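Accompanying notes for the structure given below.
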Amino acid sequence: MEVIDLRSDTITRPTEKMRQVIAGAEVGDDVYGEDPSINCLEQLAAKKLGKEKALFVPSGTMANQIAAMVHTSPGDEIITEITSHIFLYEAGGLGRLGGVQTHVLQGERGLFSPEALEGAIRGENIHFPRTTLVAFENTHNRAGGRVFSPEELAPHLEICRQAGIKTHLDGARIFNAAVALDITPDLLVQDFDSVSFCLSKGLGAPVGSILCGSTDFIHEARRVRKILGGGMRQGGILAAAGIMALEEAEARLARDHRLARILAEAIEKMDNFQLEFPVESNIVVGKYLGAQKIGEVVARLKEKGLLVNAFGPSSLRLVTHQDVKEEEVYQAAEIMGSI
Ligand SMILES: *Cc1c(COP(=O)(O)O)cnc(C)c1O
């Protein structure tokens, strides 16, 4: 039985063409700055995002953690939304690696209000930690792939600017956000001090993420990457895949979004599921309305050839990506409706 895997856009495998690009990649020692493929990828990524410099890192988690470590000092406080990846899914790295305290704000679909942000920023007082960083996420995973326009985040960024607080954007799926809004990604990140994104999700590369920012920021980030063990020597075989992903995959993301909408429309007609969030990119969250435990639902879908992830006590997350065919999306909907 062919399995339909909608657990994540991280599961994509390199295409035959990408494997050839990997096999033919020019390489050198990147810790000496001598890997031509990594240098090329970093230049291309910085240009696409309109930042001075970029750094190739093994994962999105490392990119976010490096950003936090560069922007803050131990004992500082980071503000982020309560369902953000950097708070929920990075194994406590902010506290453990950066020695910083996290101040989480309850958001509405992934974003807190400007007033809540203003109220959370610490004043000058010897009792308080210093608020030195606010981290945002776009698209927002836990909010069902929600896309934030530049206008929606502008008031928050203005507050940070006036308070002298740095801003980081976890843009793991920033190209999905740009495609959904039909604008270039640089417009979504221009007012952030740093931005991370994943090559290994919708863009289809096997490994790697990018961290972008000013020349000074990336200089420090390169040092912190070394501290964390992320200097990768002949990493050009991975960067070559990243270059191809950046050059070619962006155009394909609109298809992923279209497939997600097909799935969403099918879920809207089901008796046993409903949509938890409007579908804005490649993530669909279905709320299960039946009597079974969500773990049993996931197991029954698996028996029928559909892999999905549980997303809380009564919800499932389904993610569209390059390795899923259009007819498989219809089959997935049929399987969901049948349990
Ligand atoms: C996947 C993801 C990350 C981390 O990426 P890894 O490469 O898996 O470490 C960070 N933020 C968001 C929003 C993500 O979806």
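Order of listing sets the numbers, starting from 1, for every ligand and every atom in it. All of these numbers come straight from a predicted model, not from anything done at the bench.
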Notebook entry, point to check: Per the side-chain contact (heavy atoms from CB on, under 4.5 Å) rule, which among Leu211, Leu203, Asn176 passes with Phe197?
Noted result: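 Of Leu211, Leu203, Asn176, side-chain contact (heavy atoms from CB on, under 4.5 Å) with Phe197 is met by Leu203 alone.
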
At less than 4.0 angstrom from any non-hydrogen atom of [X], what atoms of ligand 1 do you find?
| X | answer |
| --- | --- |
| Cys198 | 5 (O) |
| Ser59 | 7 (O), 9 (O) |
| Lys201 | 1 (C), 2 (C), 3 (C), 4 (C), 5 (O), 12 (C), 14 (C), 15 (O) |

Check: When the aromatic ring centroids of Phe136 and Phe192 are compared, is their separation below 6.0 Å?
Finding: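 They qualify: ring centres under 6.0 Å apart.
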
Item checked: Min heavy-atom dist Arg173 to ligand 1 below 4.0 Å ->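 Within the 4.0 Å threshold, so yes.
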
Margin query: I want to check something: taking the side chain as every heavy atom from C-beta on, are Ile121 and Val134 in contact at a cut-off of under 4.5 Å?
Written below: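 Of all side-chain heavy-atom pairs linking Val134 with Ile121, none is under 4.5 Å.
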
Item checked: atom 13 (C) of ligand 1: nearest protein contact (heavy atom, Å) ->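 Sorting protein heavy atoms by distance from atom 13 (C) of ligand 1 puts Glu137 OE2, 3.2 Å first.
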
Next item on the list: Starting from atom 7 (O) of ligand 1, find the nearest protein heavy-atom neighbour and note its residue, name and distance.
Entry: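 Closest protein heavy atom to atom 7 (O) of ligand 1: Gly60 N, 2.8 Å.
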
Item checked: From the candidates Ile86, Asn138, Thr61, Asp170, the one that places a heavy atom nearest atom 9 (O) of ligand 1 ->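 Answer by nearest heavy atom: Thr61.
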
Item checked: Salt bridge present between Arg225 and Asp30 (N-O < 4.0 angstrom) ->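 Answer for the salt bridge query: yes.
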
Checklist line | Lys/Arg N to Asp/Glu carboxylate O, Arg142 vs Glu81, below 4.0 Å | finding: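 Salt bridge: no.
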
Checklist line | Audit row: Asn282, His321, side chain to side chain donor-acceptor pair (under 3.5 Å) steps and yes/no | finding: CA-CA 7 Å; Asn282 68 331; His321 52 77; over 6 Å; no

